[in-house]
Number of protein chains: 2
Amino acid sequence: MTQPTICPKFEKAISLLSQKWTTLVIYQLLLGTQHFSEIRSAIGISGKVLSDRLKDLENQQIVKREVIPETPVIIEYSLTEKGKSMEPIIRDIEKWSQFWIEPDLNE
Amino acid sequence: MTQPTICPKFEKAISLLSQKWTTLVIYQLLLGTQHFSEIRSAIGISGKVLSDRLKDLENQQIVKREVIPETPVIIEYSLTEKGKSMEPIIRDIEKWSQFWIEPDLNE
DNA sequence: TCACTTAGTTACTTTATGTAATGAAGTATA
DNA sequence: TATACTTCATTACATAAAGTAACTAAGTGA
């Protein structure tokens with residue numbers, strides 16, 4: 001029996017979104033351009049993992065990293081068009097969660 | 001500086017969706033009721049992880065597990081209302097991926 | 001000089017996934 | 001009645017991903 005394989009584009013999108021923190025980083029950047037430590041403290045991610053995630057997202061052309069050559073140098077992270085185009089997905093998750101999720105009380 | 005914390009409902013939804021395989025399992029069940037080994041071979045997940053995921057999703061009331069007392073016993077997995085309500089999220093990811101994702105050639 | 005900041009990195013620990021073998025309950029065939 | 005096969009799992013073990021904490025380089029400011 002040949003199985004209908006899952007579309008590789010969809011699979012790739014899923015593997016991106018099912019990495020921990022990816023969605024929250026994008027969610028945070030939907031608010032606008034931010035610095036490393038802003039994202040870090042806003043979503044409570046560690047420096048190491050944020051650094052990894054931002055690299056992944058840059059490679060996927062979802063996040064843009066800009067070095068502003070002032071002194072001291074300023075580094076700005078923002079969403080590309082591709083990144084911004086994920087907003088509907090994230091808004092849907094947001095809406096769904098408001099309606100359907102009961103937050104855990106013991107956390 | 002007090003940070004605007006992220007909504008716990010949204011966070012919980014995100015942590016659910018960012019578990020590996022969760023979305024693909026739901027995606028598969030959007031096609032209708034299925035048996036363990038159907039899901040397994042359709043999305044290429046291992047028995048162990050599928051077992052874990054289905055338990056998680058049952059606990060979240062996203063998936064319903066029904067034991068049909070025939071002989072041999074038949075076990076059917078399907079989406080609850082809550083599970084079905086995730087369809088728009090998944091369709092959005094699907095649409096987004098079709099437009100924006102270049103599949104990796106080397107995989 | 002000393003303390004503090006930003007944007008990371010490094011070494012190490014813990015948790016999550018993956019792989020492969022196994023089990024229980026049943027069927028199907030010789 | 002062996003035996004081989006199926007389904008829905010579980011177990012033991014290996015590897016990969018994420019978390020923690022200390023550290024670095026370059027700069028500020030007192």
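Chain identifiers are assigned alphabetically (A, B, ...) following the order of the sequence lines, protein sequences preceding nucleic acid strands; residue numbering begins at 1 within each chain.
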Taking atom CD1 of A/Ile93 and atom CD1 of B/Ile89, what is their separation to the nearest 0.5 Å?
5.5 Å

Is the closest side-chain donor-acceptor distance between B/Trp100 and A/Ser85 under 3.5 Å?
yes

Rounded to the Å, how far apart are B/Glu70 CD and D/dC8 P?
13 Å

Could you go through nucleotides 25-30 of chain C and list every protein N or O atom that sits under 3.5 Å from one of its N or O atoms, giving the distance for each pair?
none

Can you find a side chain N or O atom of B/Tyr77 that sits less than 4.0 Å from OP1 or OP2 on D/dT7?
no

Ordered by number, residues from residues 56-67 of chain B within less than 4.0 Å of DNA chain D (heavy atoms) are B/Arg65

So A/Glu76 and A/Arg65, do their side chains get closer than 4.5 Å, heavy atoms only?
no

Rounded to whole Å, how long is the line connecting atom CG of A/Leu54 with atom C1' of C/dA7?
11 Å

Protein-nucleotide distance (A/Gln34, atom CD; C/dT6, atom C1'), rounded to Å
15 Å

Whole-Å gap separating C1' (C/dG8) and NE2 (A/His35)
15 Å

So CG of A/Leu17 and CD1 of A/Ile90: to nearest 0.5 Å the spacing works out to 7.5 Å

Residue set satisfying side chain to side chain donor-acceptor pair (under 3.5 Å) with B/Arg53, at least two apart, ordered chain then number -> B/Asp56

How many whole angstroms separate atom CD of A/Glu38 from atom P of C/dA7?
8 Å

How long is the span from the NZ atom in A/Lys55 to the CD atom in A/Gln60, to the nearest 0.5 Å?
15.0 Å

How long is the line joining CG of A/Leu50 and P of D/dG19, in whole Å?
11 Å

Any residue meeting side-chain contact (heavy atoms from CB on, under 4.5 Å) with A/Glu94, in chain and number order, not counting sequence neighbours:
A/Tyr27, A/Arg91, B/Phe10

Whole angstrom value for the distance that separates C1' of C/dG8 from CD1 of A/Ile75
8 Å

In terms of hydrophobic clusters joined by side-chain contacts under 4.5 Å, are A/Leu31 and A/Leu29 together?
no

Main-chain N/O of A/Gln19 paired to B/Ser18 side chain as donor or acceptor, under 3.5 Å
no

Closest nucleotide among C/dA7, D/dT10, D/dC8 to the B/Lys55 side chain
D/dT10

N-O pairing of B/Glu87 and B/Lys84 below 4.0 Å:
no

Measure all distances between protein nitrogen or oxygen atoms and nitrogen or oxygen atoms of nucleotides 14-20 of chain C, and list the pairs falling under 3.5 Å.
unit_1, atom_1, unit_2, atom_2, d
C/dT17, OP1, B/Lys20, N, 3.3
C/dT17, OP1, B/Arg53, NH2, 3.2
C/dT17, OP2, B/Arg53, NH2, 2.5
C/dG18, OP1, B/Lys20, NZ, 3.0
C/dG18, OP1, B/Trp21, NE1, 3.3
C/dG18, OP2, B/Trp21, NE1, 2.7
C/dG18, N7, B/Lys48, NZ, 3.2
C/dG18, O6, B/Lys48, NZ, 2.7

Through direct or indirect side-chain contacts below 4.5 angstrom among Ile, Leu, Val, Met, Phe, Trp and Tyr, which residues connect to B/Ile74?
B/Ile68

Would you mind reading off the distance between A/Leu16 atom CG and D/dA17 atom C1', rounded to a whole angstrom?
15 Å

side-chain N/O B/Ser37 vs D/dC8 OP1/OP2, d < 4.0 Å:
yes

